[in-house]
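So the structure is just underneath, and the comments pick up after that.
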Amino acid sequence: MMLQAANVVRGAVPAAVRPAGSSSLLLTENQQWIGGPPPLMDKLSPRERELVLKQGRRKVLNRGQTLFSQGGKHDGIWLIESGRIRVFYTSPLGREITLAYWHVGNFVGGPEVFEGTVHQWSGVASSNCSVVHLPGKELRSLAAEIPNLAIGLIEGLTFKGKCYSALAQMLGTRSITQRLAHLLLHLVELYGVDDADGTVIAAAFTHADIAHMVGATRQWVTISLKRMQEKGIVLTKRSQIVVCRTDVLEEMRGHGSD
């Protein structure tokens with residue numbers, strides 16, 4: 001099943017929707033991290049931005065297209081101009097765990113940002129995207145020349161390191177039910193739109209996507225959402241999830257069990 005994205009016209013964004021730019025979607029208990037790190041190019045002057053983008057190579061990705069693969073040769077980073085990139089790790093047995101979804105202004109391709117290594121995880125477009133590839137050699141020279149770019153890289157990597165540490169902590173200390181409740185509340189925070197029945201999660205995520213984020217199977221997520229619907233906590237409407245009882249999800253997040 002799919003959580004369909006709402007059609008939002010530029011310039012007419014519903015007040016209940018948090019802007020997607022410069023935000024991130026990840027499993028963390030720290031609400032301050034929901035907004036994501038500062039956009040990499042924010043502190044750069046117009047001339048510095050021009051210098052950086054001159055070294056970049058723009059690439060357009062369709063939804064589902066792979067940007068980089070775990071174990072593949074690494075060379076630089078990708079700056080997200082539009083769309084959303086899902087970053088995930090695949091175990092030797094083929095099981096996936098989503099690390100985060102990164103949005104406009106974020107960069108992906110770390111933790112190494114220059115060149116000479118291999119990717120530790122994979123990145124795929126979860127919506128149609130435009131990215132700018134900054135090759136490692138050129139990025140190294142730019143970072144030496146533009147201090148604010150170097151600071152932006154450090155801040156971005158620091159943020160990502162904290163996020164992935166928080167993910168590991170949640171996977172190790174919270175039950176799957178608690179993580180699902182936490183994620184639903186997180187989605188409401190990022191993509192919630194007021195509805196007569198509650199709050200619609202106005203973003204496209206399948207049950208498999210949700211499973212990859214909470215460390216469960218698609219079947220478990222489907223069954224759990226069905227049970228939540230029977231209890232009036234959520235409602236599936238036109239292939240969307242409507243959260244009806246955030247108060248119950250708050251309780252489940254703190255005291256849930258499998």
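- Shown are Ile233, Leu184, Leu180, Leu185; of these, the side-chain contact (heavy atoms from CB on, under 4.5 Å) with Met252 is made only by Ile233.
- Judged by distance alone, the side chains of Arg84 and Ser127 never bring a donor and an acceptor atom under 3.5 Å apart.
- Judged by distance alone, the side chain of Thr90 and the main-chain N or O of Gly94 form no donor-acceptor pair under 3.5 Å.
- A donor-acceptor contact shorter than 3.5 Å links the side chain of His74 to the backbone of Gly109.
- Between Arg86 and Glu96, at least one side-chain N (NZ, or NE/NH1/NH2) sits under 4.0 Å from a carboxylate O, which counts as a salt bridge.
- In this structure, CZ on Arg227 lies 11.5 Å from OG1 on Thr222, to the nearest 0.5 angstrom.
- The hydrophobic cluster containing Phe88 does not contain Ile176, counting ILVMFWY residues as joined when their side-chain heavy atoms lie under 4.5 angstrom apart, directly or transitively.
- Remark: Gln219 CD to His207 NE2 distance equals 11.5 Å, nearest 0.5 Å.
- Contact between Gly192 and Thr199 at its shortest, heavy atoms only, is CA-CG2, 3.5 Å.
- Separation of atoms CG (Leu53) and CG (Leu79) is listed at 7.5 Å; rounding is to 0.5 Å.
- A donor-acceptor contact shorter than 3.5 Å links the side chain of Thr206 to the backbone of Asp209.
- With hydrogens and angles ignored, the 3.5 Å screen pairs a side-chain donor or acceptor of Ser122 with a backbone N or O of Gln70.
- Residues His212 and Ile97 fail the side-chain proximity criterion, which asks for heavy atoms closer than 4.5 Å.
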Could you please spell out the steps behind the side chain to side chain contact (heavy atoms under 4.5 Å, CB included) verdict for Val188 and Ile201?
-> CA-CA 6 Å; Val188 165; Ile201 296 174; 4.2 Å; yes
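- Side-chain N/O atoms of His182 and Arg253 include a donor and acceptor closer than 3.5 Å.
- For Asp197, the side-chain hydrogen bond (donor to acceptor under 3.5 Å, both in side chains) test picks out Lys237, with sequence neighbours left out.
- We find that Arg47 and Glu50 are not joined by a salt bridge, their nearest charged nitrogen and carboxylate oxygen being 4.0 Å or further apart.
- Between the side chain of Gln178 and the backbone N or O of Ser175, at least one donor-acceptor pair lies under 3.5 Å.
- In this structure, Phe107 and Lys160 have side chains that are in contact, with non-hydrogen atoms separated by less than 4.5 Å.
- Expressed to the nearest 0.5 Å, how far CG of Leu187 lies from CG of Leu249 amounts to 10.5 Å.
- With a 6.0 Å cutoff to the six-membered ring centre and a 45° limit on the axis angle, Lys73 does not count as a cation-pi contact of Phe68.
- In this structure, Met228 and Arg245 have side chains that are not in contact, with every pair of non-hydrogen atoms separated by 4.5 Å or more.
- Across Val124, Leu67, Asn128, a single residue satisfies side-chain contact (heavy atoms from CB on, under 4.5 Å) together with Leu61, and that is Leu67.
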Stepwise, does the side chain to side chain contact (heavy atoms under 4.5 Å, CB included) test hold for Val52 with Met41?
-> CA-CA 9 Å; Val52 172; Met41 305 282 274; 4.0 Å; yes
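- Aromatic ring pairs are classed by plane angle as parallel below 30°, tilted from 30° to 60° and perpendicular above 60°; the pair Tyr164 and Trp102 is perpendicular.
- Between the CZ atom in Phe205 and the CG atom in Leu183 there is a gap of 8.0 Å [rounded to 0.5 Å].
- Gln120 contributes no side-chain N or O that, together with a main-chain N or O of Pro111, makes up a donor-acceptor pair within less than 3.5 Å.
- Taking hydrophobic clusters as Ile, Leu, Val, Met, Phe, Trp and Tyr residues chained together by side-chain heavy-atom distances below 4.5 Å, Leu171 shares a cluster with Trp220.
- Val104 places none of its side-chain heavy atoms less than 4.5 Å from the side chain of Glu81.
- Put simply, the side chain of Gln65 gets close to the backbone of Asn62: a donor and an acceptor are under 3.5 Å apart.
- Under the 4.5 Å side-chain contact rule for hydrophobic residues, Leu190 and Ile241 share a cluster.
- At a threshold of 4.5 Å between non-hydrogen side-chain atoms, the residues Ile85 and Cys129 count as touching.
- Leu40 and Val108 are assigned to two separate hydrophobic clusters, defined by single-linkage of ILVMFWY side chains at heavy-atom distances under 4.5 Å.
- When the side chains of ILVMFWY residues are joined at heavy-atom separations under 4.5 Å, either directly or via intervening members, Val248 and Val234 end up in a single hydrophobic cluster.
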Going by atom type alone, with no hydrogens or angles, which donor-acceptor pairs under 3.5 Å involve a side-chain atom of residues 134-148 and a protein atom two or more places apart or on another chain?
unit_1, atom_1, unit_2, atom_2, d
Ser141, OG, Lys137, O, 3.4
Asn148, ND2, Lys43, O, 3.2

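- For the residue pair Ser165 and Gln169, a side-chain donor N or O sits within less than 3.5 Å of a side-chain acceptor on the partner.
- Between the side chain of Ser82 and the backbone N or O of Ser130, at least one donor-acceptor pair lies under 3.5 Å.
- We find the CG-CE distance between Leu99 and Met213 to be 9.0 Å, quoted to the nearest 0.5 Å.
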